[in-house]
Every structure is written in C-alpha cells, then in structure tokens.
Amino acid sequence: MNDQDARSVQKFMDGVVLRNPGEKEYQQAVGEFACDVIPFVNEHPEYQNHNLSERLTEPDRVIIFRVSWEDDQGKVRVNRGYRVQHSNAIGPYKGGLRFHPSVSLSILKFLAFEQTFKNSLTGLPMGGGKGGSNFNPKGKSDREIMRFCQSFMSELYRHIGSHTDVPAGDIGVGGTEISYLFGQYKRLVNQFTGVLTGKGLSFGGSAIRVEATGYGTIYFMEDMLKHKAQNIEGKTCLVSGSGNVALYATEKLIQHGAKPVTLSDSSGFIFDPDGFDMDKLAWLKDLKEVRKGRIAEYAKEYGVEFFAGQRPWSTPCDLAFPCATQNEVNAEQARTLIENGCIGVAEGSNMGSDAGAIAVYREAKILYGPAKAANAGGVAVSGLEMTQNSIRMSWTRKELNQHLGDIMNNIHERCVEYGTESATHVDYLKGANIAGFKKVADALIAYGVV
Ligand code: NDP
Ligand code: 2IT
C-alpha cells in the first residue's frame, strides 16, 4: 500500500472507530475490507465521489428487541434479540441467526457486513443481514428451545419476509430451531412462503443445504490447490469445531481422499492420528447432531488423545480449516501452522483468523481462502432454496451439488481476477473484497443517493 492509500485508510478507519465505539469485531471486519477496497477506489475514478465506503459501513437498520420466555421451572427468562439489516442493494437482506451467549451488537454487525459481500460473491441476488440472540441453547430442554424460538419470532416476524429479509441458521441455530421459527412465522402471518432457509425437506427445504457450507469450503480449497497444480488427496488436515460446518467439511475431506485428524469444541480438541473415516464420522454425527454430546467423548470411545482447553493449530498438517468461530487463529498459531508445514488455510468460520494471522499468511504467501469466499457455499444453497420456493419446485441432490460446485468455482475465478499479484501468487482476500464490493457499489451508484 502506498502512503496516500495508507493515509486514506487511516482517516476512514478513525471515522469508523468514532462512529462505532467499542465494537471491536465490527471495526476489525471493516478494517480488513478497507485495506483492499480503499486503494482500489483510489485507483478507479468511477467509484469516487459517491462516499461508498461510508455508506457501506452504516447498516440500513438495526432492530433490537426483548425476548421473554418461560423455562421448564415456570420462571420467566429474558434475552435480547437482534436483526442487523446491513444492505439490500442487490437483493433482500439474507443471512443467518446466531444463538450464543457471546452474541453482541458488534458481532452481529461484523457478520452482517461480511454477509453483504459474501452474498455478492455468490452471484445470486441477495443482500446482507444477520441476527440472533445472547440466548444459550446449551443445557436447555427441547421445549425451552421451542418456547424461546416462538417468542423470538413473535417480534422478528414483522421485520422479515420472502422479498424483505430471509434469515437462516448459524451457530446454535440448526434444523430444529429453523423449524420452530418457521412454524411460528407461518402461524402469525397465515402464509407459507420462503421466509427462512435451512427448512426441513418436507416443508420447503433444499437438498444439500445441511452439507453446503462444509462441502463448499473444501471445494474452494480444491480450487485454490488446482490453481497451483496440486490436489487435496492424501493431505493431512486440521478442522476446528464439530458443528454443522466442521462435520460436513470433514465428510468431504474423507470423500476426496484427504486425511482429517482433528475436531474441537469450546472445551478442547481431539487428535486421531489415523484420521477420521466414514464410520467414525457417523458416530460423530450421532454424538453432535442427535445426542448433543461433547467432543471429548470421542477420545474415550476411540482411545485417542483429548487436549482440554486447546485449539488444534499446533498439530502438524498440510491444510487447516477453522470451522468454529471468529478469531480462532491468531498470529502465533498461524506461524506455528506454517512452521509445521501447512500450505493452505480455508475458513469455514466467519473471520476465523484475526488480523495478525492474516498478516502472517500474507507474508508467507500460503494459500488463504477467507471466509467470505470459502464459506459462501452455505448461503449460496440458501439462495437456491429461495429460488426453489419461488418456483414451487425442488431440485435433486445431484443438481444442487453441481450448482454448489459451479458457484464455488465462479467465486474462485473472481478472486483470481481481482487478487492476482504475480504469476505464482493470488491474494484471495484482496480478490474477494474487491469483487464482492464492486457489484454492491455498482448498484448503489445506479440508485443515486440512497
Ligand atoms: P454450530 O453451532 O453447528 O457449531 C459451532 C461449533 O463451534 C461447535 O463445535 C462449538 O462448540 C464451536 N464453537 C462455537 N463458539 C466457540 C467458541 N467461542 N470457542 C470455541 N469453539 C466454539 O455452528 P456452525 O457450524 O453452523 O457455524 C460454525 C462457523 O461457521 C461460524 O463461524 C458460522 O458463522 C460459520 N458459518 C456457518 C454457516 C452455516 O450455514 N451454518 C455458513 C457460513 C459460515 P461448543 O458446542 O462447545 O459451543
Ligand atoms: O454465515 C453464513 O453465511 C450463514 N450463516 C448462512 C446464511 C444463510 O442465509 O444461509
């Protein structure tokens, strides 16, 4: 970055920090974007004089509401609900709902901001949004989760709609929660429309949506490897998390002949030196999706080691896939990964790597697939679920997997188009930021001052 670009980024970020005090995750996400997009705008007069960066860092609106619900003991409990409608420049607001005790306005603003550019990259007509609550689903009974979801939707329903805002799942929100939310929406508005994605297959859901984020992350890594005349077969892989994204990333790694050796949850990680196979994965799916158990139980069952309170990044590997939560890889962990032989990182989790880790990847010029490109497969199949709902049809698993693969290929190509630095190096973060920005910016310019 030249001095003039550095000064404009600094000036812009000073304003962002002033307008969003204390919102660390939001400032971080905007900072990563600004470092690529502001120099691009400085070089392209057609994007100047529209104040696009400032407009795109002010969400269209933020809705905050109380969620009261009754627990199994008859006690009234209160949580805070949110929906950040970031931008509908290129389609209805679209993005997941997160239920986790750490949820804050800063986290949801960063997620909604990232979602806008990720959705743009998919090539589908979707704007960006995100929502959720500081509700902790852990240890709650199924009935408590149902009552919480119904209460949450009793306020959210007035702000969403199939042409307005289409929520989906994220951390703590899977098929069960989407079903409760959809059931309540339908009851309140007396309409059966595609207002949520990730629905059950018998009531408007799409094949392959459950698998899409994890599968897509692996497809993206395979595209990056192919661009370097390499492939994924035989590669030792670290995966963090053991939820929706992690389990299906692991499944695709096994299917494509790679060797995934770790998974984790917030209590620690497991290391299976023989790698997971489809039988072990079936056991893991039952543990996590049905019994809602802890990852440590795998260590007991299969006689492998459990590393309490640690993340997997000190295990030697060829490839790493953060698939749990934001800022789960820092600079020191990124250095350890590379020293141990890691040649590529693709993020299933949103903002999985912190700014220090990204600087380390960039310096070492390893393959780095940032979340907004690498994990876009989930929302892409959500977009295809919206299409299927609109035309009242459903496509087959095979067709949808083909679409998913094509969309990930296109995203890879657009990153290469805008992120190629030399004959041997693509900066995928830069490519994703600029390609994602351009489509949204073109729409904003066309609309005039809005
Ligand atoms: P799940 O709730 O299914 O799983 C989350 C996993 O991450 C669990 O293993 C959980 O462990 C772990 N985790 C969550 N928070 C923390 C934390 N603070 N520290 C350590 N581990 C943690 O969520 P998903 O798999 O859906 O989401 C994972 C990531 O992928 C998120 O960043 C999400 O935004 C992103 N993503 C999800 C998409 C989707 O379609 N679901 C699409 C694109 C991105 P524990 O059970 O102990 O909490
Ligand atoms: O971060 C994400 O892209 C998601 N949680 C999925 C959003 C969606 O609308 O499917």
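Start at 1 with the first residue, then count along the sequence. Whatever order the structure lists ligands and atoms in, that order sets their numbers, starting from 1.
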Looking at [X] and [Y], does any basic side-chain N land under 4.0 Å from a carboxylate oxygen?
{"X": "K199", "Y": "E385", "answer": "yes"}
{"X": "D265", "Y": "R294", "answer": "yes"}
{"X": "E114", "Y": "K130", "answer": "no"}
{"X": "R291", "Y": "D286", "answer": "yes"}
{"X": "D36", "Y": "R362", "answer": "yes"}
{"X": "E70", "Y": "R147", "answer": "no"}

Problem - Parallel, tilted or perpendicular: rings of F99 and F152 (30°, 60°) - result: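 Aromatic pair F152/F99 classed perpendicular.
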Can you pull every nitrogen or oxygen pair between ligand 1 and the protein closer than 3.5 angstrom?
from, atom 1, to, atom 2, distance (Å)
ligand 1, 2 (O), G172, N, 3.0
ligand 1, 3 (O), N244, N, 2.9
ligand 1, 9 (O), S242, N, 3.0
ligand 1, 9 (O), S242, OG, 3.3
ligand 1, 11 (O), S266, N, 3.4
ligand 1, 25 (O), N244, N, 3.2
ligand 1, 25 (O), V245, N, 3.0
ligand 1, 30 (O), G348, O, 3.3
ligand 1, 32 (O), N350, N, 3.2
ligand 1, 34 (O), R98, NH2, 3.0
ligand 1, 34 (O), D170, OD1, 2.6
ligand 1, 34 (O), D170, OD2, 3.2
ligand 1, 34 (O), N350, ND2, 2.8
ligand 1, 40 (O), R209, NH1, 3.4
ligand 1, 40 (O), R209, NH2, 2.8
ligand 1, 40 (O), T213, OG1, 2.9
ligand 1, 46 (O), R294, NH1, 3.4
ligand 1, 47 (O), S266, N, 2.8
ligand 1, 47 (O), S266, OG, 2.4
ligand 1, 47 (O), R294, NH1, 3.2
ligand 1, 47 (O), R294, NH2, 2.7
ligand 1, 48 (O), K138, NZ, 2.9

Problem - Atoms in ligand 2 with a heavy atom of G96 nearer than 4.0 Å - result: 7 (C)
Exercise for the section: Provide the number and element of each atom of ligand 2 under 4.0 Å from a heavy atom of A168. Expected result: 8 (C), 9 (O), 10 (O)
Handout entry: Q255 atom CD, neighbour heavy-atom count above 12 within 6.0 Å
Key = yes
Exercise for the section: Select the closest option to atom 6 (C) of ligand 2 among R98, R209, K130, judged by heavy-atom distance. Expected result: R209
Handout entry: Nearest-option assignment for atom 2 (C) of ligand 2, heavy atoms, candidates K94, K118, M386, K372
Key =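 Checking each option, the heavy atom nearest atom 2 (C) of ligand 2 is found in K118.
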Practice task
Using non-hydrogen atoms of the residue, decide whether G169 is closer than 4.0 angstrom to ligand 2.
Solution key: yes
Exercise for the section: Could you give me the CA-CA distance, side-chain angles and deciding distance for Y93 and D60, then say whether side chain to side chain donor-acceptor pair (under 3.5 Å) is met? Expected result: CA-CA 10 Å; Y93 305 109; D60 287 357; 2.7 Å; yes
Handout entry: Close N or O approach (V166, ligand 2; < 3.5 Å)
Key =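 Looking only at distances, the answer is no, because the N/O contact criterion of under 3.5 Å is not met.
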Practice task
Report yes if S382 has an N/O atom closer than 3.5 Å to an N/O atom of ligand 2; otherwise report no.
Solution key: yes
